[in-house]
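Just so it is clear: chains get the letters A, B, ... in the order the sequence lines come, proteins before strands, and each one is counted from 1. Just the heavy atoms: all of them, side chains too, but no hydrogens, waters or symmetry mates, feed the values below.
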Amino acid sequence: MVTALLRVACLAGGLSLVGAAAEARPERVVSVNLCTDQLALMLAAPRQVISVSYLAQDPLLSVMRERALDIPVNHASAEEVFLLRPDLVLAGATTPPEALRLLRRLGVPVEVFPPETSFQDIRDNLLRMGRALDREARAEAVLAQFDADLAALQDHPADPPSAVLYAANGYVAGDESLAGAMLAAAGYRNLASDFGIRHGGNLPLEELALAQPDLVVVSERNPGHARAEEMLDHPALRHLLERQSREVISDRDWACGTPHVLRAVADLRALRTGEKLPK
Amino acid sequence: MSRNPNYSLLLTGLGALCLALFAASVLIGPAAIRPGDSLRALSGQGPEMLQLVMRQIRLPRALLALMVGAALGMSGAVMQGFLRNPLAEPGLVGTSASAALGAVLAIQLGLAASFPLALPLAALAGALGSVVLVLLLAGPRGGTMALILAGLAISALAGAATALVLNLSPNPYAASEIIFWMLGSLSDRSMLHVWIAAPFIICGAALLFPTGRGLDALTLGEDAAAASGIDLRQLRLMLVAGTAAMIGGATAVAGTIGFVGLVVPHVLRHAVGARPSRLIAASALGGGAMVLAADIAVRLIAPERDLKLGVLTSIVGAPFFLHLILKTRRLEW
């Protein structure tokens with residue numbers, strides 16, 4: 001009854017909503033979150049995604065930038081998204097819930113993807129995205145490749161070196177985060193657990209300096225200036241970084257839970273074993 | 001200036017307090033380090049990383065707390081003496097907020113990255129503008145109302161402009177830094193920040209110390225001061241330049257820390273016999289002690305939260321401010 005009323009209301013407004021058959025492949029998919037942008041672009045058929053978030057075109061954040069450049073961008077506002085007449089909206093857990101509630105009230109199907117905090121979450125979200133886009137075969141293929149790549153990378157050194165991901169404001173990633181899983185997969189021991197940090201938290205610079213980790217992965221600088229990132233230039237941190245053979249930056253490969261995290265894992269592993277990475 | 005034993009005793013006491021708090025500030029931190037090891041590392045002995053922590057993280061923090069506090073206390077004492085109004089204070093009259101705007105502009109426009117002195121210079125320019133504006137709007141004869149309202153307007157405008165600049169920054173962290181510029185913090189500062197702020201604060205102090213004699217004469221009124229050979233224009237010039245340099249240097253590295261310049265002179269006024277010249281030195285030491293204590297407190301209360309300094313100074317200072325308003329209201333109306 002409600003659905004019927006809504007459909008009448010939309011028709012009266014001159015909007016022809018596709019989606020009478022719920023099982024049909026969505027043809028006008030709008031993604032409003034950087035991470036769903038990238039997963040969707042990896043799996044979608046050509047022209048199935050009609051808009052991605054503006055961040056998908058950011059070279060610092062997006063691994064799917066080249067694909068995203070041809071697609072109109074949105075800024076996750078309900079009005080802008082609704083006017084695109086989507087038959088599916090892909091959102092992340094951090095998307096403003098007001099916008100999503102409004103879209104749902106207007107009868108737009110919304111699929112919210114939880115953030116990935118482990119490799120298993122990446123697998124789950126890949127398959128879920130495949131189902132949402134009706135591209136399950138493609139999702140299975142990407143997943144099989146991901147599992148094969150991960151298996152090839154993983155080894156467990158007897159005496160793993162210590163590592164820590166240190167980001168703006170002194171934020172470190174714990175074991176129960178995706179970055180933590182990446183460090184572990186590359187054969188490192190996450191220093192965060194020594195300080196009782198499980199998911200993520202702030203670690204004062206002096207504690208980091210005194211712990212002397214073998215590897216500090218620093219976060220990528222954003223354009224413009226922020227005091228939060230100023231501490232990444234602190235002489236004490238620079239001193240730690242100078243002891244490493246090279247700097248490792250948590251770049252766009254780290255930003256979202258996509259199969260591209262394995263590129264970062266391979267890079268970390270190469271640093272540990274001293275082997276050269278094939279370009 | 002006669003050698004008053006009580007006054008010397010007060011300065012000695014405040015100096016000792018600063019010294020004790022300075023030592024505590026260096027010895028207290030998130031990493032538990034034994035005091036003996038800390039002091040050895042500070043003097044350049046012991047493990048390299050420990051030396052780095054003591055000399056590059058804890059020492060600059062304590063030095064900055066002392067310098068910034070001294071700048072705020074001294075500026076407050078001089079402003080109150082010159083305007084002959086106990087409510088004048090760099091935070092309340094908008095000097096700190098304007099200095100913060102100057103600093104934020106220098107940082108976001110990239111000037112600070114191209115040459116380091118641009119940061120305190122821009123903050124100084126902001127502070128200078130607001131001091132001149134307040135003197136024009138409220139004037140040496142202006143009442144409390146005019147002073148506070150002018151300060152409120154300048155603070156609001158500078159605060160809004162600061163927020164605007166930070167919101168327009170392409171950096172996702174910039175907008176959350178509005179809170180730093182509003183409430184101030186000394187966490188994760190390095191020696192670089194000490195070298196940036198120190199010359200400005202020292203120059204400011206050199207300009208403000210000699211104003212004491214003039215301010216003493218001014219307590220008797222402008223005519224009496226002029227009759228005793230005080231050049232009021234020169235006095236005003238030194239005051240404007242000195243406060244701007246001090247607040248500019250302090251705010252550029254620590255953000256705005258409110259109420260220190262209000263509370264410290266107020267607490268010490270009776271102890272120095274209400275003589276502005278004596279209040280200047282006493283307030284410098286008192287301000288240093290207050291900011292050192294506040295900075296130790298934020299680390300003890302919430303060690304990993306980077307609690308802002310202004311939170312504590314305002315909790316202490318705002319009730320003082322209300323108390324002073326009530327007091328001056330009784331006198332004025």
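Nearest approach of B:G73 to B:V260, heavy atoms of both residues: N-CG1, 4.3 Å. The two residues B:A106 and B:L119 have their closest heavy-atom pair at CB-CA, 4.2 Å.
At least one side-chain heavy atom of A:I71 sits under 4.5 Å from a side-chain heavy atom of A:L41. Taking 4.5 Å as the limit, some side-chain heavy atom of B:L117 sits within range of a side-chain heavy atom of B:P120. Between B:V194 and B:V253, the closest side-chain pair of non-hydrogen atoms is not below 4.5 Å.
The structure places CD1 of B:I201 at 11.5 Å from CD1 of B:I196, a figure rounded to the nearest 0.5 Å.
Annotation: maximal heavy-atom pairing with chain A below 4.5 Å, among B:I107, B:V53, B:L192, occurs at B:V53. Between chain A and the residues B:P170, B:A112, B:G29, the most heavy-atom pairs under 4.5 angstrom are made by B:P170.
Looking only at distances, no side-chain donor or acceptor of B:T313 sits under 3.5 Å from a matching main-chain atom of B:F259.
When heavy atoms are compared at a cutoff of 4.5 Å, B:I33 approaches chain A solely by way of its side chain, counted from C-beta outward.
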Just list the donor-acceptor pairs under 3.5 angstrom between chain B and chain A, please.
{"unit_1": "B:A31", "atom_1": "N", "unit_2": "A:E206", "atom_2": "OE2", "d": "3.1"}
{"unit_1": "B:E48", "atom_1": "OE2", "unit_2": "A:H239", "atom_2": "NE2", "d": "3.1"}
{"unit_1": "B:Q56", "atom_1": "O", "unit_2": "A:H234", "atom_2": "NE2", "d": "3.2"}
{"unit_1": "B:R58", "atom_1": "NE", "unit_2": "A:E206", "atom_2": "OE1", "d": "3.0"}
{"unit_1": "B:R58", "atom_1": "NE", "unit_2": "A:E206", "atom_2": "OE2", "d": "3.2"}
{"unit_1": "B:R58", "atom_1": "NH2", "unit_2": "A:E206", "atom_2": "OE2", "d": "2.5"}
{"unit_1": "B:Q108", "atom_1": "NE2", "unit_2": "A:H225", "atom_2": "O", "d": "3.0"}
{"unit_1": "B:N171", "atom_1": "N", "unit_2": "A:P223", "atom_2": "O", "d": "3.4"}
{"unit_1": "B:N171", "atom_1": "ND2", "unit_2": "A:P223", "atom_2": "O", "d": "3.4"}
{"unit_1": "B:N171", "atom_1": "ND2", "unit_2": "A:E229", "atom_2": "OE1", "d": "2.9"}
{"unit_1": "B:E177", "atom_1": "OE1", "unit_2": "A:R227", "atom_2": "N", "d": "2.4"}
{"unit_1": "B:E177", "atom_1": "OE2", "unit_2": "A:R227", "atom_2": "N", "d": "3.4"}
{"unit_1": "B:E177", "atom_1": "OE2", "unit_2": "A:A228", "atom_2": "N", "d": "2.8"}
{"unit_1": "B:S187", "atom_1": "O", "unit_2": "A:R227", "atom_2": "NH2", "d": "3.0"}
{"unit_1": "B:R189", "atom_1": "O", "unit_2": "A:H234", "atom_2": "NE2", "d": "3.4"}
{"unit_1": "B:R189", "atom_1": "NH2", "unit_2": "A:E230", "atom_2": "OE1", "d": "2.6"}
{"unit_1": "B:H193", "atom_1": "NE2", "unit_2": "A:E230", "atom_2": "OE1", "d": "3.3"}

